[in-house]
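Here is the structure we will look at.
Quick note: numbers below take in every heavy atom, side chains included, and nothing from hydrogens, waters or symmetry partners.
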Amino acid sequence: MAKAHVSSSHVFFLLFFLFAKINGSESNEEVGVYELKRGDFSVKLTNYGAVVISVILPDKNGKLDDVVLGYDSVKEYKNDSTHFGAIVGRVANRIGGAEFTLNGTKYKLVANDGNNTLHGGPKGFGDVIWTVKSYSKDSHITFTYDSFDGEEGFPGNLSVSATYMLIDANKLALKMEAKALNKATPVNLAQHTYWNLGGHTSGNIFSHNLQLFGSHITPVNKQLIPTGEILSVRGTPYDFLEPRTIGSRFKALPDGYDINYVLDAASPFHLRKAAVVQESVSGRKLELWTSAPGVQFYTSNMLHDEKGKGGFIYKQYAGLCLETQGFPDSVNHPNFPSQIVNPGETYKHTMVYRFTAN
Ligand SMILES: *[C@@H]1O[C@H](CO)[C@@H](O)[C@H](O)[C@H]1NC(C)=O
Ligand SMILES: *[C@@H]1O[C@H](CO)[C@@H](O)[C@H](O)[C@H]1NC(C)=O
Ligand SMILES: *[C@@H]1O[C@H](CO)[C@@H](O)[C@H](O)[C@H]1NC(C)=O
Ligand SMILES: *[C@@H]1O[C@H](CO)[C@@H](O)[C@H](O)[C@H]1NC(C)=O
C-alpha cells in the first residue's frame, strides 16, 4: 500500500514535470530577487515577469524612499491583476475581440478582459518565469524568455530578452528585444511600473507635475479599445504639452487617465523624450526617453485597496504608469504603426529613466 502510494505520487510528479516541459511557460527556473545598485540608487528585480520590485533613491534632502508600488514577496506577484512592475507582452495593452488576422490567417487569442485580450492574455510575459542570462550587481541584469508557437494564441516561436542597466549614478535603461523565429507575429512589449515619486506610501499622484510630449491620443470606446481615430489633445484634459499637475483636470475625467499618446518628434529607432514627472514635496523628478511611438498614461484607476509592501494598502490613483509601447490594438488598425515582426526580424524597444531631485 505504502509502496503503491509512493509510486503513484512519483508518476504524478513525472507527469507534472512533463506537462511543465511541454507547456514551456512553466520552466524549472528558480525565481529569485536581484539588486542593481550604485551609491544611493538601487533597483530590485525578479525574473518572475521581469518585474521591477523597487526603485530606491534620495529626495532633495537625501532621504531615501522606494518610489514604485509592489508586493513584499514574489509569490504575491503570481496572483496579481495589477501587473505591478512587470514587462507585459507578447502584445501589451488591449486587442479588441481577442483576435486578429495576419496574412490571411485568423488568430484567436485567450480573452482576459471581457471579450478582449489584455497584456498578452491571462498568462502573458508578466506571468512567466524568465531565465537570468547575465547579472552584475553594479551594472545590469539580462532576462530571456522563449515564447512558444501558440502561446496564448500568438503565432510562432519568439525569443525575448530584456536588459535592465544602470547608467551613471541615476539612470536606469531597459533594452527589450524579441526575435521572431519561424512565423510573423505582432510584438509590443511594455514596462508596467507604477510610480509614486513621493514614495510608494505617500498617497495619490494628483500633485505630481507631468509634461508629456504627445500632442495626439488614440481615443477608445467604453471597452477601452481604440476607435482608430488620432485626435489632438489641444483644448482637452489630455493636454500635458506644458507641465501641469495630474490632478488639475481630473474633474473633467471622472475615470482618470488610461490612454495612449502618440509621441511627437517621431523618429523610429531613435530615443525621444516622452515625459517628465516631478513631485514637489520630495523634489524627485523622472525623465523618460523611449524608442517606441506611443506611451500609455495610466493613473491606476482600477487599483482598489490593494495590499502591497509592508502591508500598506494602495488606494485608487496611488501610482502612475508611463508604459511606452506601440499603439493599442494595432493589429486591428492598419492606420496605426505596424507591430508585425517577420521571421528572422527582431523587435527592439529601449527606454531610459533619469532620476534627479531638486
Ligand atoms: C488570488 O487573488 C484573489 C483576488 O484577486 C484572491 O481572492 C485569492 O485568495 C488569491 N489567491 C491566492 C492563492 O493568494
Ligand atoms: C462579449 O461578446 C458577446 C457575444 O458577442 C456579447 O454578448 C457580450 O456582451 C460581450 N461582452 C462584453 C463584456 O462586451
Ligand atoms: C519552436 O519551439 C519549439 C519548442 O516550443 C521547438 O520544438 C521548435 O523546434 C521551435 N522551432 C523553431 C523553428 O524555432
Ligand atoms: C506576411 O505578409 C507580408 C507582407 O504582405 C510579408 O512581407 C511576410 O513575409 C508575410 N509573412 C509570412 C510569415 O508569410
I'd like to know whether the aromatic ring centres of Trp289 and Phe213 sit less than 6.0 Å apart in this structure. no

Please test Glu345 against Lys179 for salt bridge (charged side-chain N to carboxylate O under 4.0 Å, His left out), starting from the C-alpha separation and ending with a verdict. CA-CA 6 Å; Glu345 290 178 357; Lys179 184 171 186 182; over 6 Å; no

Let me see the working for Asn47 and Thr131 under side-chain contact (heavy atoms from CB on, under 4.5 Å), right down to the final yes or no. CA-CA 7 Å; Asn47 56 321; Thr131 301; over 6 Å; no

Tell me whether the centres of the aromatic rings in Tyr257 and Tyr298 are closer together than 6.0 Å. no

Can you confirm if the aromatic rings of His200 and Tyr314 lie within a centre distance of less than 6.0 Å? yes

Taking atom types as modelled and ignoring hydrogens, do the side chains of Asn209 and Thr245 form a donor-acceptor contact shorter than 3.5 angstrom? no

Between Phe100 and Tyr107, is the ring centre distance below 6.0 Å? yes

Quick check: is Tyr194 connected to Met351 through a chain of hydrophobic side chains (ILVMFWY, heavy atoms under 4.5 Å apart)? yes

Are Asp65 and Lys63 ion-paired here, with the side-chain N under 4.0 Å from a carboxylate O? yes

Pair Glu177, Thr346: side-chain N/O donor-acceptor within cut-off below 3.5 Å: no

Hey, are Arg38 and Asp138 close enough for a salt bridge, meaning a charged N less than 4.0 Å from a carboxylate O? no

Is Ile56 isolated, or which residues cluster with it under the ILVMFWY side-chain rule of less than 4.5 Å, directly or via members? Leu64

Would a distance-only check, ignoring hydrogens and angles, find a side-chain to backbone donor-acceptor pair under 3.5 Å from Asp113 to Asn116? no

Would you please test Leu212 and Leu322 for side-chain contact (heavy atoms from CB on, under 4.5 Å) and show each step? CA-CA 10 Å; Leu212 208 163; Leu322 289 164; 4.3 Å; yes

Taking atom types as modelled, is there a side-chain donor on Ser161 or Tyr145 under 3.5 Å from an acceptor on the other? no

Sub-3.5 Å donor-acceptor pair from the side chain of Asn196 to the main-chain atoms of Ala318, do we have one? yes

Going through the checks in order, is the side-chain contact (heavy atoms from CB on, under 4.5 Å) test met by Val67 and Arg284? CA-CA 10 Å; Val67 296; Arg284 288 194 192 92; 3.9 Å; yes

Does Lys183 come within less than 4.0 Å of Asp149, counting only side-chain N to carboxylate O? yes

Is it true that the side chains of Gln191 and Tyr164 contain a donor and an acceptor less than 3.5 Å apart? yes

Side chains of His140 and Ser134: any donor to acceptor distance under 3.5 Å? yes

Cut-off 3.5 Å, side chains only: do Asn358 and Gln278 have a donor facing an acceptor? yes

Distance in Å, Ile87 CD1 paired with Phe125 CZ, rounded so as to fall on 0.5 Å steps: 10.5 Å

Taking the basic N atoms (NZ, or NE/NH1/NH2) and the acidic carboxylate oxygens, is any pair closer than 4.0 Å for Glu99 and Lys108? yes

For Asp264 and Ser215, does a side-chain donor sit closer than 3.5 Å to a side-chain acceptor? yes

Would Gln316 and Asn301 count as having a side-chain donor-acceptor pair, cut-off 3.5 Å? no

Aromatic contact between Phe206 and Tyr317, with the criterion being ring centroids under 6.0 Å apart: yes or no? yes

Between Tyr261 and Phe240, ring centroids under 6.0 Å: no

Quick one: do Glu152 and Arg90 make a salt bridge, cutoff under 4.0 Å? no

